[in-house]
Protein chains: 2
Amino acid sequence: MTVSIKDVAAMAQVSPATVSRALAGGPVSAELRAKVEAAVKATGYRPNLSARRLRSRDSQTIGLIVADISNPFFTAVSRAVEDEAYKAGLRVILCNTDENPDKEEMYLKLMEEERVTGVIYAPTRATVGKLTRQSFNFPIVLIDRADAVSGQDAVVLDNFAAAAMLVEHLHSQGYRRIAGLFGNASTTGVERRTGYEEAMRRFGLTPQARFLAPSIEAAEKEAASWFNSGSAPEAVIASNGLFLMGVVRAMRAAGKSMPRDLAVAGFDNESWTELAGPGLTVIEQPVNAIGRTAMQLLLERLEDPDAPRRKVVLGGRCVIRGSTQTQQTSTAGAA
Amino acid sequence: MTVSIKDVAAMAQVSPATVSRALAGGPVSAELRAKVEAAVKATGYRPNLSARRLRSRDSQTIGLIVADISNPFFTAVSRAVEDEAYKAGLRVILCNTDENPDKEEMYLKLMEEERVTGVIYAPTRATVGKLTRQSFNFPIVLIDRADAVSGQDAVVLDNFAAAAMLVEHLHSQGYRRIAGLFGNASTTGVERRTGYEEAMRRFGLTPQARFLAPSIEAAEKEAASWFNSGSAPEAVIASNGLFLMGVVRAMRAAGKSMPRDLAVAGFDNESWTELAGPGLTVIEQPVNAIGRTAMQLLLERLEDPDAPRRKVVLGGRCVIRGSTQTQQTSTAGAA
DNA sequence: AAAGAGGCTGAAAACGATTTCAACAACTGG
DNA sequence: CCAGTTGTTGAAATCGTTTTCAGCCTCTTT
């Protein structure tokens with residue numbers, strides 16, 4: 001049925017060991033190498049990766065565990081990780097936890113059973129604390145989310161500074177009553193909230209922060225309730241792309257306009273933010289750098305398991321658009 | 001170092017065979033089963049999936065090969081496939097070809113080496129023709145893209161009818177000079193174009209179709225050139241989410257408004273299409289049904305390899321919004 | 001010319017599970 | 001009471017590779 005290395009060996013009239021060596025670029029005479037290659041082609045041989053991994057005790061595979069693959073932030077990071085992994089000759093197993101701790105546990109278990117060489121991981125807040133105690137037989141690099149105490153390598157955005165940047169910008173545009181919506185599932189939500197609150201106080205303003213489940217609907221409902229009760233703030237900071245969309249939806253449904261009725265700023269420079277209303281002011285995360293750096297940290301950790309733990313903090317870029325600008329200086333079209 | 005089934009067996013004072021049976025739910029006395037479970041817990045044993053797959057000759061894994069994971073259509077389909085696979089006790093390997101035939105070949109080769117039990121696959125137009133001749137040692141279910149002749153199972157949108165629906169709608173709104181932008185990498189582009197042209201002729205109109213590379217930039221450039229040369233049509237049909245975004249971007253840059261300067265209709269009901277300008281009229285694909293059906297076809301194919309080939313054609317839903325409506329009947333807000 | 005080094009090669013032993021097969025015990029039915 | 005059945009168990013074979021080890025040949029060095 002299926003053709004194994006023995007079949008190739010038989011056809012090439014050499015031993016299986018020689019076939020293995022020839023394919024791996026080992027020390028084999030040119031003559032035999034040619035015979036092996038011919039036999040491989042003739043038989044259509046494909047090595048069995050399970051057997052290879054079993055014997056060589058090296059899966060050449062890393063796990064990438066993200067919280068939500070439909071979030072463009074994570075797809076962008078994934079692409080960067082995969083490109084980098086590919087260059088290093090590694091395969092990637094992509095897992096999607098839906099911010100669900102049960103799924104996280106299941107996937108971490110799976111990673112152990114797959115004997116991956118390492119994992120890049122965006123954990124929920126519920127799980128990140130437990131990572132220190134539990135120890136895995138592979139190194140972990142955290143992305144996007146990391147607490148202060150966990151001993152893992154990590155690469156994250158400077159969430160504190162980014163949230164403060166948004167507050168400063170809104171303040172400079174004359175906004176004073178600035179609300180904030182933050183995700184309750186991740187450490188990023190907490191950090192961004194702290195940055196927001198700290199900056200607000202610096203300006204002598206009263207923070208008005210809400211923690212929400214990470215979904216479009218949660219943010220939409222919250223914003224809608226403002227309009228219903230007539231208690232809307234002057235401006236809002238949305239802690240991720242989902243919340244941004246929820247706020248914009250609620251405004252649309254209530255017939256409100258940006259920035260007149262509500263100024264909107266948020267995180268994640270997804271392509272649609274440029275097109276909604278007068279364009280949304282956002283913090284752009286260096287998604288490629290995040291993915292690349294995470295892969296790099298992982299490779300270096302594999303080299304030296306005992307090196308000290310490293311946490312790389314990357315800065316965000318503030319992209320200012322019409323949704324927060326009182327006087328229109330942008331080139332916003334009328335579409 | 002790492003704990004194997006032998007270690008568990010030794011600790012439980014039984015044979016490795018008994019451990020294997022106990023974990024697989026085989027015929028083992030309650031007494032020994034308890035001892036095994038205790039030993040598993042004590043040792044922290046995790047089965048080695050490579051070894052399991054090698055011996056049992058069943059990877060319990062399917063491949064999912066998509067053209068562009070950053071396209072929300074494919075992420076949505078992926079989620080549906082994964083949910084369904086999970087229910088069936090199968091793992092999913094997700095691969096991203098970037099519409100690149102070389103990557104397609106590489107991943108198909110990888111699937112053979114992983115000994116997957118089946119593959120769900122959205123091929124490029126360049127590759128779909130070759131699939132008939134080449135034969136793999138796993139069944140393939142095509143999604144989104146399939147030609148008429150390939151002998152593979154498939155589940156696709158009724159592209160012909162969907163494109164015609166858009167033409168009819170635009171015609172009913174009084175538009176006559178209707179251009180079309182179609183993807184040159186997939187069979188869907190071709191089918192949608194045919195549906196567009198056929199419907200146009202039915203109304204006595206002259207089709208004006210362009211084939212483009214599947215990127216935002218390509219569509220943006222094309223639309224921009226219309227505005228620069230003053231040769232813009234009255235309406236445009238964009239064959240996918242990327243083209244839609246390109247057109248909207250070009251309109252914004254040129255200061256044009258929808259639908260006054262150009263009516264816009266397209267494919268893929270991504271969440272942002274609701275928020276751009278007056279809302280975009282789109283064909284919504286039944287993404288969940290596509291993923292679920294594909295998985296179902298695959299499972300049935302594994303049951304009966306000799307059953308006749310089946311192609312499931314699903315209908316799209318036309319979501320009408322402000323971007324194509326002359327008199328505003330929609331509830332479009334001012335945001 | 002003998003000894004040592006170095007390069008290829010094949011036989012055989014892993015890797016860690018599952019599965020076959022035979023052994024054994026305990027019943028059942030005649 | 002004996003043959004046959006059923007249900008658990010362990011020894012050993014097996015899956016398809018890689019890797020170790022030893023052997024052989026050739027070439028260099030003294």
Side-chain angles (χ1 to χ4, degrees), chain A residues 1-37 39-40 43-61 89 91 109-117 137, chain B residues 1-37 39-40 43-61 89 91 109-117 137:
Chain A
M1 189 69 203
T2 163
V3 31
S4 86
I5 202 172
K6 282 186 195 167
D7 305 315
V8 177
M11 167 160 292
Q13 296 179 299
V14 299
S15 73
T18 299
V19 176
S20 175
R21 278 189 281 253
L23 294 177
V28 174
S29 68
E31 185 194 10
L32 290 195
R33 188 180 299 272
K35 278 169 83 175
V36 167
E37 273 163 18
V40 165
T43 55
Y45 167 71
R46 293 263 180 278
N48 182 321
L49 289 184
S50 293
R52 194 210 292 282
R53 294 194 186 112
L54 173 59
R55 171 59 231 220
S56 61
R57 330 200 66 206
D58 177 11
S59 66
Q60 300 264 67
T61 301
R91 270 210 351 92
K109 199 178 283 187
L110 179 67
M111 293 303 99
E112 299 200 291
E113 302 185 347
E114 293 276 8
R115 303 294 192 267
V116 296
T117 57
N137 40 20
Chain B
M1 188 70 204
T2 163
V3 33
S4 87
I5 202 171
K6 279 187 198 166
D7 305 315
V8 177
M11 167 159 294
Q13 295 179 300
V14 299
S15 74
T18 298
V19 177
S20 175
R21 279 189 280 254
L23 294 176
V28 174
S29 67
E31 183 194 11
L32 290 195
R33 187 180 300 273
K35 278 169 80 176
V36 167
E37 273 162 18
V40 165
T43 55
Y45 167 70
R46 292 263 181 278
N48 181 320
L49 288 184
S50 293
R52 194 210 292 284
R53 293 196 187 110
L54 173 59
R55 171 60 230 221
S56 61
R57 329 200 66 199
D58 177 10
S59 66
Q60 299 264 67
T61 301
R91 270 214 347 94
K109 199 178 285 188
L110 178 67
M111 294 302 100
E112 299 200 290
E113 301 184 348
E114 292 276 7
R115 301 294 192 267
V116 296
T117 58
N137 40 20

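Proteins get letters first, then strands, A, B, ... in listed order; numbering begins at 1 in each.
Nearest heavy-atom pair, B:Val36 versus B:Ala22, reported as atom, atom and distance to 0.1 Å: CG1-CB, 3.9 Å. The two residues A:Pro27 and A:Arg21 come nearest to each other via the heavy atoms CD-CD, 4.3 Å. Closest approach of A:Ile5 to A:Pro16, counting heavy atoms only: CD1-O, 3.7 Å. Scanning both residues, B:Leu54 and A:Ser50, for their nearest heavy atoms gives N-CB, 4.2 Å. When all heavy atoms of B:Asn137 and B:Glu112 are compared, the closest pair comes out as OD1-OE2, 3.7 Å.
Put simply, CG on B:Leu23 and CZ on B:Arg52 are 8.0 Å apart, with the number rounded to the nearest 0.5 Å.
Across residues 44-56 of chain B, B:Leu54, B:Arg55 each have a non-hydrogen atom less than 4.0 Å from an atom of DNA chain D (numbered order). Near DNA chain D, meaning a heavy atom under 4.0 Å from it, residues 15-34 of chain A has A:Ala17, A:Ser20, A:Arg21 in order of number.
Side-chain atoms of B:Leu32 and B:Lys35, non-hydrogen and from C-beta on, do get closer than 4.5 Å to each other. Side-chain atoms of B:Thr61 and B:Arg53, non-hydrogen and from C-beta on, do get closer than 4.5 Å to each other. For the pair A:Thr2 and B:Arg57, the minimum side-chain heavy-atom distance is below 4.5 Å. Side-chain contact check for B:Leu49 versus A:Arg115: every heavy-atom pair is 4.5 Å or farther apart.
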Anything under 3.5 Å between a protein N or O and an N or O of nucleotides 23-26 of chain D, put it in a table, one pair a line.
none

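First and last contacts of DNA chain C with chain B, using any nucleotide atom under 4.0 Å from a protein heavy atom and ordered 5' to 3', fall at C:dG16 to C:dT20.
A:Arg91 meets the side-chain hydrogen bond (donor to acceptor under 3.5 Å, both in side chains) test with B:Glu114; sequence neighbours excluded. For the side-chain contact (heavy atoms from CB on, under 4.5 Å) test, residues two or more places apart in sequence or in another chain that qualify with B:Thr43 are B:Val3, B:Val8, B:Met11, B:Tyr45.
Residue A:Glu113 places its CD atom among more than 12 non-hydrogen atoms of other residues, nucleotides or ligands, all under 6.0 Å distant.
Regarding B:Glu114, its CD atom lies at a distance of 21 Å from the P atom of D:dC15, rounded to whole Å. When rounded to the nearest whole Å, the span between CD1 of A:Ile5 and C1' of D:dT17 equals 6 Å.
At least one side-chain nitrogen or oxygen of B:Arg57 sits closer than 4.0 Å to the OP1 or OP2 atom of D:dG16.
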